[in-house]
Amino acid sequence: MVHSKRFSSKHWMLVTALILAASTGLSAQQSPFTASMRASLIEPVQPSPFVHQVEPAGRDHRFWDRDNRILFAAVGAASTADFFVTRANLASGGRELNPIANMFSGSTAGLAVNFAGETIGSMGVSYLFHKTGHHKLERITSFVNIGASAGAVGWGLSHR
């Protein structure tokens, strides 16, 4: 229990006792709505045939819709730009700073496989989010990948 300099432990016990007394006194009083509320809480509510929940329009969509095709094209373009900037930097004596891509940076083909795998992996994660109903995360995955590749391209171009 936290004690203040103003209140002694006797004061805190008095305040606690008053709060407990007030709360039990309120629960002991019967209001006119209490009995009907208890009855409605105990009785199960039968579903009405006239009430139907409709999924909001636009939430459920096909995976290869227009937006995803544009986003995946942008992911591929950003990864391609990242590949060419990275390859040019490596050819001029630079080094790969990404530890995962560094494993593939020994050859141009290995670097291409890395960036193609990154693009396909982003699409796969997006598809997983789509299938589990996380449609916002499905789109955000592509935006994050585009942002990361664009950042890498910008950094690579500025450090030539």
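- Across all their heavy atoms, A101 and N114 have their closest contact at CB-ND2, 3.3 Å.
- Atom CD in E138 sits 9.5 Å away from atom CG in D67 (nearest 0.5 Å).
- For the residue pair T86/N89, the side-chain donor-acceptor check at 3.5 Å is not satisfied.
- Ring pair H135/H130 is perpendicular by interplanar angle, where above 60° counts as perpendicular and below 30° as parallel.
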- Message: What verdict does the ring pair (Phe, Tyr, Trp, His ring centres under 6.0 Å) test give for F115 and F84, after you've listed the backbone C-alpha separation in whole Å, the side-chain angles of each residue and the deciding distance to 0.1 Å?
- Response: CA-CA 10 Å; F115 285 107; F84 283 113; 9.7 Å; no
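- To the nearest 0.5 angstrom, S105 atom OG is 9.5 Å from N98 atom CG.
- Across all non-hydrogen atoms, the minimal contact from V75 to I146 is CG2-CG1, 3.6 Å.
- Taking the side chain as every heavy atom from C-beta outward, I100 and E118 never approach each other to under 4.5 Å.
- Put simply, OG1 on T141 and CG on L128 are 9.0 Å apart, with the number rounded to the nearest 0.5 Å.
- Closest approach of F63 to Y127, counting heavy atoms only: CE1-CA, 3.4 Å.
- Contact of the T108 side chain with the F83 side chain is registered, since non-hydrogen atoms from C-beta on lie closer than 4.5 Å.
- F104 has its side chain out of reach of E96: every pair of non-hydrogen atoms, C-beta onward, lies at least 4.5 Å apart.
- Across all non-hydrogen atoms, the minimal contact from L71 to R139 is CD1-CD, 3.9 Å.
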- Take V85 and R87, measure what side-chain contact (heavy atoms from CB on, under 4.5 Å) needs, and give me the verdict at the end. CA-CA 5 Å; V85 169; R87 187 178 64 109; over 6 Å; no
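- Within the 4.5 Å cutoff, side-chain heavy atoms of S79 are placed close to those of N145.
- N68 and H61 make their closest contact through ND2-CE1, 4.2 Å (heavy atoms, listed as atom of the first residue, atom of the second, distance).
- The shortest non-hydrogen separation linking F129 to L137 is CD1-O, 3.6 Å.
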